[in-house]
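Here is how names work: the chains are called A, B, and so on, in the same order as the sequence lines, proteins then strands, and each is numbered from 1. Remember, predicted model here, so these are calculated numbers, not experimental data.
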Number of protein chains: 2
Amino acid sequence: MKLKMMYSFLNSDINIIEKALEDTVHGESPLLQEASLHLLQAGGKRIRPVFVLLAGKFGNYDIHVIKEVAVALELIHMASLVHDDVIDDADLRRGRPTIKNKWDNRFAMYSGDYIFAKALELMTKIENPIAHKILANTIVELSIGEIEQIKDKYRFEQNLRDYLLRIKRKTALLIAASCQLGAVAAGVDESLHRKLYRFGYFVGMSFQITDDILDFTGTEKELGKPAGGDLFQGNITLPVLFAMEDEKLRSEIVKVHEAMSQAEINSIISLIKQSNAIERSVEISNRYLDKALKVLEDLPNNRAKRTLQDIALYIGKRKF
Amino acid sequence: MKLKMMYSFLNSDINIIEKALEDTVHGESPLLQEASLHLLQAGGKRIRPVFVLLAGKFGNYDIHVIKEVAVALELIHMASLVHDDVIDDADLRRGRPTIKNKWDNRFAMYSGDYIFAKALELMTKIENPIAHKILANTIVELSIGEIEQIKDKYRFEQNLRDYLLRIKRKTALLIAASCQLGAVAAGVDESLHRKLYRFGYFVGMSFQITDDILDFTGTEKELGKPAGGDLFQGNITLPVLFAMEDEKLRSEIVKVHEAMSQAEINSIISLIKQSNAIERSVEISNRYLDKALKVLEDLPNNRAKRTLQDIALYIGKRKF
């Protein structure tokens with residue numbers, strides 16, 4: 001079953017959110033509007049809004065309240081992507097950046113700031129102070145994760161703990177916050193919204209590990225970019241860490257650098273795929289999924305719970 | 001009288017804020033801590049925290065509550081400076097950026113994100129929803145101002161309205177918000193915190209116009225950089241707009257571009273200084289100050305009010 005089919009009963013609310021996303025960036029600055037719409041129309045799984053809505057189903061679900069949270073979280077995710085792209089963009093035009101290029105980067109940075117600010121503005125419609133505390137803490141961790149990711153690039157001595165902390169900050173906490181904030185906005189009590197947070201955290205960890213696996217196993221067509229891009233950019237992900245436990249493989253991997261040819265990268269990717277690194281990474285991903293499903297057992301039975309189960313199971317099997 | 005002397009009765013509270021600023025960035029990431037401390041220790045007028053404290057004096061002043069707002073606003077100001085510097089840094093090393101340079105910029109962008117996130121975290125200690133709405137609206141405007149500033153660079157056809165809207169967004173609204181939020185955090189009633197907002201807005205406009213004048217009239221020693229830097233970078237400020245009303249001067253000014261020599265810039269600066277553009281800019285600045293002082297008349301008489309008057313009068317006369 002496709003992901004979107006799993007939550008088709010939310011379709012009309014997801015359309016409201018798509019509309020609200022567009023409305024949010026409408027009108028204030030033609031330049032910003034154009035850039036933000038371009039970003040929005042590029043799509044995405046909208047997985048964070050879906051989690052917000054599903055979590056909201058455990059309480060007093062009012063789409064006109066909950067949509068503010070759903071839109072805010074998608075915008076925060078988008079803003080972080082925009083900032084991630086700022087320097088990647090510069091990398092593509094290495095050596096001789098044009099003025100145009102620099103302006104684009106500056107524009108991208110400020111666009112990210114703007115999209116983020118709009119998210120905060122929406123969140124002020126939720127008056128429960130707990131919601132703001134959860135969000136602020138998440139954003140602090142997210143920004144530390146961004147910095148740590150730079151620091152850890154091409155740092156081949158890092159360990160499993162470094163990796164897990166990094167993906168927790170970069171991905172899992174925002175998904176956890178999506179689940180928790182959807183519940184908080186629907187007036188769910190603390191013990192329940194904390195469970196939804198834990199579910200989101202475990203699913204988020206598995207989601208990112210799966211992403212990191214797909215970067216090796218996916219085809220260029222599925223990924224929309226050549227495989228192995230993470231390693232090429234110096235991101236030491238779980239399959240790489242496992243592969244490096246083999247001394248021979250390790251000696252190849254530590255040679256990776258920015259100016260390497262695609263052919264050289266491809267041969268290292270093949271070696272990693274032939275090792276047991278992928279299999280072991282899948283195993284870790286599945287362990288997080290099991291924990292996520294375990295948390296769900298305690299939740300009241302309803303359609304939202306069954307959908308969260310479906311999504312968790314899907315994440316472990318997804319191909320892109 | 002020096003600026004700091006005017007609010008010397010706040011010294012012990014300002015020390016608390018300096019300490020809180022350092023504590024805020026302490027401990028989470030060694031890299032971030034180092035960068036943020038560097039920035040903090042570079043100093044600054046701390047004019048936003050001073051406005052927060054003074055505005056708080058009109059209500060139930062509790063330094064342990066009000067300091068959160070004061071620190072948050074200084075951090076937001078700092079975060080915006082860090083993002084402003086990202087691309088300026090790149091300009092200095094034009095043509096052939098090193099990896100180090102690019103990493104610095106990326107690091108600067110993420111540091112800005114982090115400092116901003118920490119500000120939001122502090123603000124969640126203020127539970128009044130009005131405070132969050134004021135802050136979010138201010139941040140949205142600030143980010144639009146950043147973008148508009150890029151768009152308006154070297155755009156010589158802009159008018160007074162474009163300029164005033166830009167400095168409103170880039171500077172005045174954050175100072176206005178400092179005054180208003182200090183009051184809100186001290187439980188001041190709406191009519192009073194709105195007046196403090198208006199005072200801050202008018203003072204902020206005058207503050208920025210004065211800054212823009214000093215960029216022409218200040219010495220390199222006073223400014224810490226060569227005069228005319230704004231024009232050189234394509235920022236069309238109030239003196240430039242007035243100067244361009246003279247056709248002969250206009251024809252010189254529109255020649256300004258990024259690759260111009262300092263000598264060529266200097267000769268244009270001399271022409272602007274010889275015109276009536278500076279005088280007319282001072283006049284506009286003073287008009288905003290008069291409005292600020294007018295707003296103050298309606299406020300209850302106390303030491304904070306007298307200090308706000310002193311600061312407003314100082315801003316019109318400051319030399320750096």
Contact check, side chains of [X] and [Y], non-hydrogen atoms, under 4.5 Å:
X: A/R166; Y: A/Q158; answer: yes
X: A/V240; Y: A/Y163; answer: no
X: A/Q180; Y: A/L196; answer: no

| Got a sec, which residues hit ring pair (Phe, Tyr, Trp, His ring centres under 6.0 Å) with A/F116, two or more places apart in sequence or on another chain? |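 Applying ring pair (Phe, Tyr, Trp, His ring centres under 6.0 Å) to A/F116 gives B/F116.
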| A/H193: ring pair (Phe, Tyr, Trp, His ring centres under 6.0 Å) partners, not counting sequence neighbours | none
| B/S111 portion near chain A, given a 4.5 angstrom heavy-atom threshold |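 Both backbone and side chain.
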| field | Parallel, tilted or perpendicular, as decided by the 30° and 60° cut-offs, for the rings of A/Y201 and A/Y197 | value |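 Parallel: the ring planes of A/Y197 and A/Y201 meet at under 30°.
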| query | Can a salt bridge be assigned to the pair A/E22 and A/K19 using a cut-off of 4.0 Å between side-chain N and carboxylate O? | reply |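 Salt bridge: no.
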| task | Go through the side-chain N and O atoms of A/K170 and A/Q208 and say whether any donor and acceptor fall under 3.5 Å apart. | result | no
| Do A/D84 and B/Y110 have side-chain atoms, one donor and one acceptor, less than 3.5 Å apart? | yes
| task | Taking A/N235 for its side chain and A/T237 for its backbone only, find out whether a donor-acceptor pair lies under 3.5 Å. | result | no
| request: Considering only heavy atoms, give the residues of residues 119-127 of chain A separated from chain B by less than 4.5 Å, sorted numerically, with 'none' for an empty result. | output: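 Within residues 119-127 of chain A, near chain B: A/L120, A/E121, A/T124, A/E127.
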| Residues of residues 139-147 of chain B under 4.5 Å from chain A (heavy atom pairs)? | B/I139, B/V140, B/E141, B/S143, B/I144, B/E146, B/I147
